[in-house]
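Inspection log for the structure reproduced underneath, given as structure tokens.
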Amino acid sequence: MTTTTGAMLPEAAYGPQEGAVKLTMLLGGVVFLLMMIFGLIMRAAQGGMIAVDPALFYQIMTAHGAGMVGTAGLTGAAILWYFTGRHVPLLAGVYWAFLGLFLLGVVCILAAIFLGGYAGAWTFLYPLPALSGGLWGPGASVLFLLGYVSIGVGFLLLHLEVMRRLMARYGGIGGALAWPLAFGKGRPEDAPPPAVVAAMASSVFNTLGIVVGAAVLVASIVNLLVPGFAVDALLAKNMIFFFGHVFINASIYMAVIAVYEILPEYLGKPWKTTRIFAIAWTVVLVFVLAVYPHHLLQDVPMPGWALAMGQIVSYFSGIPLIAVTAFSLIVYLRAADMRWDMAAALLVLGVAGWSVGSVPAILDGMIVVNKVMHNTQWVPGHFHIYLLLGEVAMAFGFMAWLVRRPLAADARPGAARLSGLDHGVFMAYVAGGAGFVLMFLVSGALSVPRRWAVHVPDWFLQDRLATLFAAMVIGAALIIVLRYTAVLARRAE
Ligand code: HEM
Ligand SMILES: [Cu+2]
């Protein structure tokens, strides 16, 4: 095998890395579970069901936010890597470096929070890490931020390897994004598969996001070490939310590759790159980058045009991808005799949850609504929909597919249905998840603030119902992860 530089490397250096990806998903599944339990603790504390010291609440909230977002990114990247590897050779060492840097980052972050006491939330909003009111020292903040830097470097390596391979194979960035088909005379037969288009687009924007994130991380670290070095707070906020918005979006856009690559096996027909599909992904690439000011609608000094852009791009950003992915999926599902199992059900749920979650998100992206809803639980309400019922559902679906029972070659299409236990677990996940996010939305509509460790008794009802629903989701997630682990262990014997 030749690399793009022409040097020869042993065949073994490339490998499909099924084992590494399976290990990543195992780690991801376990961390998702742990972080869900942290979430349960927070919700139960808000409902007055258990007593949690507020200082500890904010440590847990920080760990939950960083841990969940990081694990969404990790599982998304594993999916990206796994399926990109079907189309181009990828250097195995890059993946191990990515995983190693990720785990190093996790150790730093956990130590910063639970040993150092850092509790300034996953958003590390400048200058909060330096203004702890005596709860944590600058060392803890520096360690937390260094953890992010380590994870960011890992992601950069992974995306650069993916991009350079795709560019070499498909004719540059434009070729991999199917521009000849989107904007030229290219034919659909010659276009790269959907997974390649999605991998290229998400790698491009995640790289840009991480570079901006790295810059503001370094500035924040210098500020902590040399307090005289001040950063413009509004600029820092722009950079942080550009990075945060892009990173969490990228996790979903990477995970959806599993839908494009796996569901065709169940549908019995390939998922094709059409002109609309290609255009949609390029539009998304621009929109994901341009829409981030919807996080700054409360920042009066922001230029008006930027906020207007945030609102207007919010309206449209849901349309191209979700319309193309969700709509095509519905068309495929109607046309084909789908063979259902846990993997297929979770992947379809992922697309549905992602689509549904965009509605309250777009609402919150409107300036008049945001004036009232911002910093209420409406915000965790919308993002838990497309993360818990979107990204995480897709990641669990990928895991279920990795350990699936082989579909019998002669199985009649449409014959396979979810078995009794699978059906129960899936319904518990959907019902628990839907109930849990609904309680956030209801609280948000009633103006219950987000990020408050202590709630007044008037808010307890939703808090307690949400705790119950959360327990249901966790039960279902536990069975999904346990089954995955059991099958892996059995096969390893
Ligand atoms: C059973 C599942 C889950 C439970 C019980 C849960 C619970 C919570 C709670 C209680 C909060 C704080 C709400 C507030 O501000 O008042 C929260 C915040 C958050 N959650 Fe979850 N969550 C769950 C799943 C997830 C998932 C799957 C993700 C992402 C993949 C996620 C990401 C976040 C983030 C980013 C925050 C914001 C933290 C902050 O405000 O700094 N959560 N969650
Ligand atoms: Cu955003």
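Indexing begins at 1, ligand by ligand and atom by atom, following the structure's order.
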Any [X] heavy atom less than 4.0 Å from ligand 1:
X	value
Met35	no
Phe436	yes
Met61	yes

Under 3.5 Å, is there a donor-acceptor pair between the [X] and [Y] side chains?
X	Y	result
Ser355	Tyr386	no
His294	Ser314	yes
Tyr266	Asp341	yes
Gln17	Trp81	yes
Ser141	Trp136	yes
Ser132	Tyr118	no

Exercise for the section: Kindly indicate whether the side chain of Phe316, heavy atoms from C-beta on, has any atom under 4.5 Å from the side chain of Val313. Expected result: no

Problem - Arg43 vs His455 side-chain heavy atoms within contact, under 4.5 Å - result: yes

Exercise for the section: Looking only at distances, please establish whether an N/O atom of ligand 1 is found under 3.5 Å from an N/O atom of His455. Expected result: no

Problem - ligand 1 to Arg450 polar contact by distance, N or O atoms, under 3.5 Å - result: yes

What residue and heavy atom of the protein are closest to [atom], and at what distance?
atom	answer
atom 2 (C) of ligand 1	Met36 CG, 3.5 Å
atom 14 (C) of ligand 1	Arg451 N, 3.3 Å
atom 34 (C) of ligand 1	Phe383 CE1, 3.4 Å
atom 32 (C) of ligand 1	Met68 CB, 3.6 Å

Handout entry: From Gln377, Gln462, His384, residue fulfilling side chain to side chain contact (heavy atoms under 4.5 Å, CB included) relative to Met439
Key = Gln462

I'd like to check which ligand 1 atoms, numbered from 1 as shown, lie under 4.0 Å from a non-hydrogen atom of [X].
X	result
Leu40	5 (C)
Ala470	5 (C)
Leu387	29 (C), 30 (C)
Gly39	4 (C), 5 (C), 6 (C), 7 (C), 10 (C)
Arg43	10 (C)
Met42	8 (C), 9 (C), 10 (C), 11 (C), 17 (C)
Ala121	41 (O)

Practice task
Please confirm whether Phe83 and Tyr260 have ring centers closer than 6.0 angstrom.
Solution key: no

Handout entry: Side chain, backbone, both or neither: the part of Gln377 lying under 4.0 Å from ligand 1 by heavy atom
Key =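 It is the side chain that touches ligand 1; the backbone stays farther off.
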
Exercise for the section: Pick one of side chain, backbone, both or neither for how Val392 approaches ligand 1, counting any non-hydrogen atom pair under 4.0 Å. Expected result: side chain

Problem - Per atom 35 (C) of ligand 1, closest listed option by heavy atom (Trp122, Phe32, Tyr429) - result: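 The residue whose heavy atom sits nearest atom 35 (C) of ligand 1 is Trp122.
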
Problem - Note: Asp422-Arg483 ion pair, threshold 4.0 Å (strictly below) - result: yes

Practice task
Go through the steps to decide whether His64 and Phe38 satisfy the test ring-ring contact (aromatic ring centres under 6.0 Å, His included), and finish with yes or no.
Solution key: CA-CA 6 Å; His64 176 84; Phe38 279 11; 7.7 Å; no

Handout entry: Degrees at atom 21 (Fe) of ligand 1 between the NE2 atom of His64 and the NE2 atom of His384, nearest 10°
Key =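 Value, to the nearest 10 degrees: 180°.
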
Completion exercise
The atom name of the N, O or S atom in His245 nearest to the Cu ion (ligand 2) is ND1

Handout entry: Pair Tyr292-Asn238, side chain to side chain donor-acceptor pair (under 3.5 Å): steps then yes or no
Key = CA-CA 8 Å; Tyr292 84 91; Asn238 272 272; 2.7 Å; yes

